[in-house]
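Since the structure comes first, as structure tokens, the remarks are kept for the end.
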Amino acid sequence: MNKLEQFCVSLLKNCKNLTSLQQFHAHALKTSLSADPIVAGKLLLHCTVQLSGTLDYARRLLLHTSNPDVFMYNTLIRGFSDSDTPHDSISTFTLMLNNLDSPPDSFSFAFTLKAAANMRCFRTGAQLHCQALTRGLDTHLFVSTTLISVFAECGCLLFARKVFDETPDPNVVTWNAIVTAFFRCDDVKGAEKVFDSMPLKNLASYNLMLAGYTKMGELEFARRVFEEMPVKDEVSWSTMIVGFARCGCFDEAFGYFRELQRVGMRPNEVSLTGVLSACAQAGALEFAKILHGFIEKAGLVWITPVNNALTDTYSKCGSVDMARLVFERMPGKKSIVSWTSMIVGLAMQGYGEEAIGLFHEMEESGIKPDGIVFIAILYACSHAGLVEQGCDFFSKMAKVYGIKPAIEHYGCMVDLYGRAGQLLKAYNFIISMPIPPNVVIWRTLLGACSFYGNVELAEQVQKRLSELDPNNSGDHVLLSNIYAGVGKWKDVAIVRRSMAEMKMTKSPGWSMIEVDKVMYTFIAGAKQDDATKEAYRNLKEIMMRIRVEGGYVPEVMNVLHDIEEEEKEDAVITHSEKLAVAFGMGRLSEGSVVRIMKNLRVCKDCHTVMKLISRVYRLGIVLRDRSRFHSFNGGVCSCKDYW
DNA sequence: GTAGGGTTAG
């Protein structure tokens, strides 16, 4: 570095925001320093790499430089490639071709190809490939490696392989890229074969196998590689934690996290997001609080993904106030994921209006909504009974925001109508959908039919479902519940018999509760362990008291068999959420809120019992079921009996 | 003076 460069670098180091950068720029203009290509280049580099949200300024900087060189174009292309407007990289590349006398180099191609990969644009990738070919740069290692990624991202494994085969002297990075390409295109066996034939493996090669296997749900294979690999670093550990958590194996994720600490490694921001996601699934609020404390002490509060994971975890553990606190105080820039996490958090508690308010706030902050945030807002409307607002969002999605509704959005709409009891509207909506409805859509309507006891429609829906997914026991159970609800015991028996003939078993309901940092699981009708026996003893007394003091009459419609009244009562009493509450009431200290997680939707009888317990015992109960939170206090539920 | 492969949230 010459003296001038050193001077610039030292000055730029202090430019932490756009204003101070502009001051430097003004100074450089006044002293004609900016005419020096090195100075202009450094300025642009700082703008795109060190600062965020200054890409527009960077673009103008380039346009106002009289003779920008290849370096400056490359820097701008690189800046756009990882932004939310990667297509600007492509236009900058074209601008360079038209305006610059010297040709694009390997950097230009590598950066522009990165943008094409992020856009998953095969056409652009192929065009750049041709361009690189004519300039003799296609076999340049950096270019060919990025080409492999582009084609893999676009799902064109054949093209990726061809590039690899034509690379004269592939190094370990090129090999890694082609293994990743196989995984990206869902070819696990192919990935294994290439991995085995690699002439040289470094740590990253093993780590990408862990990532590839866990992403494909091949957890046993991942475990085997993890155990066999010669050296493990924090990426290896993080990959296992994130991978297992993503597959719903939160116990294993907790295990790897404990093990990571046991071998003396420090949790980093990635392993922490993984273990937080495990907490979110398990509803482990106390553990999440400990992790939060650790994150603050370790100075990781600046990292947006960590804050997003915290927001999501607190929401899913029922602590929407903590979620809000994290969300509002997060020091880093809020991304669309941050906003969506908070919107979902509010929605799960039934705060529909607040969720809508947040959506508008997000827009005002300059973030453009995407398809996923629309799922969140439709979910919010559906769980708060805001049918009109939901319809409004749905119609605006395509018309105003230019986002084509996907099958998930249609599913939200069916849920919106279904929950509100507008079953016929839901049905008509389904049959007029421009894309063929899938099982999820029909199942949503079947659930609504069950809730509102509409036998005729349920039978029609079940017919569709048995064509699409004949072996789903949940659908048969729902139908059987609907018959039981209206006393059609003969039909209940028919459904049960056909289930038995097809050797279907009902997937059991379970509930979890955390007491003294231990998670207890209760399963309806399972073999009784000590905790379950304790729960039954408590429950007997509780049920007696709410009968006498709360006027409880059992609601027996969701019992499967045509059995004696007394037996029916026993069957609803054993629902797992009642056991979990009874256990918690015996173990938790006075005044603490009982928090329960359940894998299925809560039934009407359990819902009534929770309300009565909250009144008779003056106890707060928070129940997370499959679709939302119920907060019981003084005999009422936050869902306003709408779920 | 700039790069490519491995882990981060809805």
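By convention in this document, chain letters (A, B, ...) are assigned in the order of the sequence lines, proteins followed by strands, and residues within each chain are numbered from 1.
Residue Ser271(A) is classed as having no contact, given no heavy-atom separation below 4.0 Å to the nucleic acid. Within 4.0 Å of Ala376(A), counting heavy atoms only, lies no atom of the nucleic acid at all. If you check every strand for non-hydrogen atoms under 4.0 Å, His140(A) touches a base. Heavy atoms of Val373(A) sit under 4.0 angstrom from at least one base atom. Across all strands, Ile343(A) comes closer than 4.0 Å to no nucleic acid atom at all (heavy-atom distances). Across all strands shown, Leu276(A) has no heavy atoms under 4.0 Å from either base or sugar-phosphate atoms. Within 4.0 Å (heavy atoms only), Thr75(A) reaches no atom of the nucleic acid at all. Among the heavy atoms of the strands, none lies under 4.0 Å from Val344(A). Contact annotation for Lys334(A): no contact, since no heavy-atom pair falls under 4.0 Å across all strands. Among the heavy atoms of the strands lying under 4.0 Å from Asn74(A) is at least one base atom, whether or not backbone atoms are also near. No engagement by Tyr206(A) is indicated, since no non-hydrogen atom pair under 4.0 Å with the nucleic acid exists.
Closest contact between the side chain of Lys316(A) and the listed nucleotides dG10(B), dA9(B), dG5(B) involves dG10(B). Which of dG10(B), dT2(B), dG5(B) sits closest to the side chain of Phe107(A) comes down to dT2(B). Relative to the side chain of Phe142(A), the nucleotides dA9(B), dG4(B), dG5(B) differ in distance, and dG4(B) lies closest. Checking dT7(B), dG5(B), dG1(B) against the side-chain heavy atoms of Thr239(A) singles out dT7(B) as nearest. Side-chain proximity of Lys215(A) to the nucleotides dT8(B), dT7(B), dG4(B) is greatest for dT7(B). The side chain of Ile336(A) lies closest to dG10(B) when the candidates are dT8(B), dG10(B), dG5(B). Checked against dA9(B), dT2(B), dG5(B), the side chain of Asn202(A) finds its nearest nucleotide in dG5(B). When each of dG5(B), dT8(B), dA9(B) is scored by its nearest atom to the side-chain atoms of Val270(A), the top-ranked nucleotide is dT8(B). Checking dG5(B), dG10(B), dT7(B) against the side-chain heavy atoms of Thr145(A) singles out dG5(B) as nearest.
In this structure, NE2 of His46(A) is placed 19 Å from P of dG1(B), rounded to the nearest angstrom. The CG atom of Asn308(A) sits 8 Å away from the C1' atom of dG10(B) (whole-angstrom rounding). Note: CD (Gln281(A)) to C1' (dA9(B)) measures 13 Å, nearest angstrom. The separation between Lys114(A) atom NZ and dT2(B) atom P is 16 Å, rounded to whole Å. Atom P of nucleotide dG10(B) and atom CG of Leu358(A) are separated by 17 Å, given to the nearest angstrom. Between the CG atom of Leu300(A) and the P atom of dT7(B) there is a distance of 19 Å, given to the nearest Å. Atom CH2 of Trp175(A) and atom P of dG4(B) are 22 Å apart (whole Å). Atom NZ of Lys232(A) and atom C1' of dT7(B) are 16 Å apart (whole Å).
Using cut-offs of 30° and 60° on the angle between ring planes, the pair Phe254(A) and Phe250(A) is perpendicular.
If you check distances only, the side chain of Asn171(A) never reaches the base of dG5(B) with a donor-acceptor pair under 3.5 Å. One can find a donor-acceptor pair under 3.5 Å joining the base of dT7(B) and the side-chain atoms of Ser238(A). Between the base of dG4(B) and the side chain of Asn176(A) there is no donor-acceptor pair shorter than 3.5 Å.
The stacking criteria are not both satisfied for Trp339(A) over the base of dG10(B), which would need a centre-to-centre distance under 5.5 angstrom and an angle between ring planes under 30 degrees.
Relative to the six-membered ring of Phe226(A), Lys232(A) meets both conditions, a distance below 6.0 Å and an angle of at most 45° to the axis.
The side chain of Arg246(A) places an N or O atom within less than 4.0 Å of a non-bridging phosphate oxygen (OP1 or OP2) of dA9(B).
Here Ile375(A) pairs with Glu408(A), His409(A), Cys412(A) under the side-chain contact (heavy atoms from CB on, under 4.5 Å) rule; sequence neighbours left out. Under the salt bridge (Lys or Arg N to Asp or Glu O under 4.0 Å) criterion, Arg135(A) pairs with no residue at all, not counting sequence neighbours.
Aromatic ring centres of Phe195(A) and Trp175(A): separated by at least 6.0 Å.
With a 4.5 Å cut-off on side-chain heavy atoms, Glu234(A) and Leu260(A) do not count as touching.
Taking the charged nitrogens against the carboxylate oxygens, Glu228(A) and Arg224(A) have no contact shorter than 4.0 Å, which rules out a salt bridge.
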